[in-house]
**Q** 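Below is a structure I'd like to ask you about.
No experiment lies behind these values; they were computed from the predicted model shown. A, B, ... follow the sequence lines: proteins, then strands. Residue 1 opens every chain. Atoms considered below: every heavy atom in the structure, side chains included; atoms not considered: hydrogens, waters and symmetry mates.
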Number of protein chains: 2
Amino acid sequence: MTIRKVYDCAPGCPVESTLQIIAGKWKSVIIYHLIQDHISHFGTLQRQIPACSRRMLALQLQELIADQIIVKTIDPATPLKTTYQLSAFGKTLTPVIMAMATWGSTYNQHQTADDSHQSKR
Amino acid sequence: MTIRKVYDCAPGCPVESTLQIIAGKWKSVIIYHLIQDHISHFGTLQRQIPACSRRMLALQLQELIADQIIVKTIDPATPLKTTYQLSAFGKTLTPVIMAMATWGSTYNQHQTADDSHQSKR
DNA sequence: CTGAATCCCTTAAGATACTG
DNA sequence: CAGTATCTTAAGGGATTCAG
């Protein structure tokens with residue numbers, strides 16, 4: 001278990017504080033899916049975020065759990081089944097993630113609308 | 001100039017689209033400061049984000065300019081003076097960044113309030 | 001199915017030195 | 001002041017294998 005690296009930033013900067021929590025490569029995406037599904041499983045998340053490897057998904061979940069954003073419940077049935085859901089604290093991130101989601105979807109429309117001069121990507 | 005790496009994600013996910021733009025290690029912080037100051041300079045940003053090296057700052061600015069978020073203006077005086085400001089498109093990110101900022105500041109208060117059981121960090 | 005551990009290559013990013 | 005170039009080290013992250 002590696003010690004968490006830190007944005008050793010200007011002490012007060014609130015944006016950096018938020019980044020501290022959600023800056024992981026897939027964290028905000030994971031949170032986004034948990035906001036929508038309320039409860040989910042490892043395999044479900046993997047299917048929803050195919051570009052994130054199993055290893056990465058596990059690591060990101062670990063950190064989110066350590067930060068109290070996500071709660072993990074183990075159902076020791078066979079085959080093993082676990083559930084993930086946002087904690088009450090994690091749910092306070094909803095406005096942040098949803099702001100990202102709304103911006104992203106209008107951005108997507110904008111991109112497909114006038115990709116005439118947006119050759120890249 | 002390296003080609004930009006891409007979140008080759010599920011095609012539609014809006015959060016991943018947003019990350020595509022603001023996921024750089026310091027990008028959202030830079031945008032945040034530009035939202036507040038409206039116009040700024042290289043050295044000013046460096047002083048505001050001391051944990052970000054000069055090289056990193058330059059790289060992040062490059063990408064933000066390439067993504068049309070930021071506009072750079074060069075004033076060829078001596079000594080050289082450049083200005084950075086958000087583009088109209090960049091300003092559309094304001095809700096996202098400000099959501100992060102507000103979450104971060106309440107998080108900061110929460111942290112300092114009950115750091116009794118939050119020994120780490 | 002849900003992970004943790006190892007191996008190993010790729011990328012990120014600090015330090016330093018140099019240009020306009 | 002505002003960057004760029006190079007070099008080196010540390011961290012990120014995929015593939016595979018093992019465990020509960």
**Q** Using side-chain contact (heavy atoms from CB on, under 4.5 Å) as the criterion, list what pairs up with B:Ser53, not counting sequence neighbours.
**A** B:Arg55, B:Met56
**Q** Rounded to whole angstrom units, what separation is found between the CG atom of A:Asp75 and the C1' atom of C:dT2?
**A** 12 Å
**Q** Hydrophobic side-chain clustering at under 4.5 Å (ILVMFWY, transitive links): who's grouped with A:Ile74? Put none if nobody.
**A** A:Leu80
**Q** Counting just side-chain N and O atoms, does B:Thr82 come under 4.0 Å of either OP1 or OP2 of D:dG3?
**A** yes
**Q** What residues form a side-chain contact (heavy atoms from CB on, under 4.5 Å) with B:Leu61, not counting sequence neighbours?
**A** B:Ile30, B:Phe42, B:Leu45, B:Leu57, B:Ile70, B:Tyr84
**Q** Residues in side-chain contact (heavy atoms from CB on, under 4.5 Å) with A:Thr44, at least two apart?
**A** A:Ser40, A:His41, A:Arg47, A:Gln48
**Q** Does A:Thr18 have any side-chain contact (heavy atoms from CB on, under 4.5 Å) partners at least two apart in sequence or in another chain, and if so, which?
**A** A:Ile22, B:Met100, B:Trp103
**Q** D:dC1 P sits how many Å from B:Lys72 NZ, rounded?
**A** 16 Å
**Q** Angle, rounded to 10°, between the helical axes spanning five pairs at each terminus of the helix from C:dC1-D:dG20 to C:dG20-D:dC1?
**A** 50°
**Q** Same hydrophobic cluster for B:Val71 and B:Leu64, using side-chain heavy-atom links shorter than 4.5 Å among ILVMFWY?
**A** no
**Q** Return the set of residues passing side-chain hydrogen bond (donor to acceptor under 3.5 Å, both in side chains) with B:Gln46 (not counting sequence neighbours), or none when no residue passes.
**A** none
**Q** Please report, rounded to the nearest Å, how far the P atom of D:dG3 is from the CD atom of B:Gln62.
**A** 9 Å
**Q** To the nearest Å, give me how far apart CD (A:Gln46) and P (C:dC1) are.
**A** 9 Å
**Q** Please confirm whether the shortest side-chain N or O distance from B:Tyr84 to OP1 or OP2 of D:dG3 is below 4.0 Å.
**A** yes
**Q** Let me know the distance between CG of A:Leu61 and P of C:dC1, rounded to the nearest Å.
**A** 16 Å
**Q** Can you tell me how far apart CG (B:Leu93) and OG (B:Ser28) are? Round to the nearest 0.5 Å.
**A** 9.5 Å
**Q** Could you work out, with side-chain hydrogen bond (donor to acceptor under 3.5 Å, both in side chains) as the rule, every residue matching A:Gln36, not counting sequence neighbours?
**A** A:Tyr32
**Q** Just the rounded figure in Å: distance from C1' of D:dA2 to CG of B:Leu45.
**A** 12 Å
**Q** What does the B/S/- profile of nucleotides 13-20 of chain D look like, 5' to 3', with a 4.0 Å heavy-atom cutoff to protein?
**A** BBBBB--B
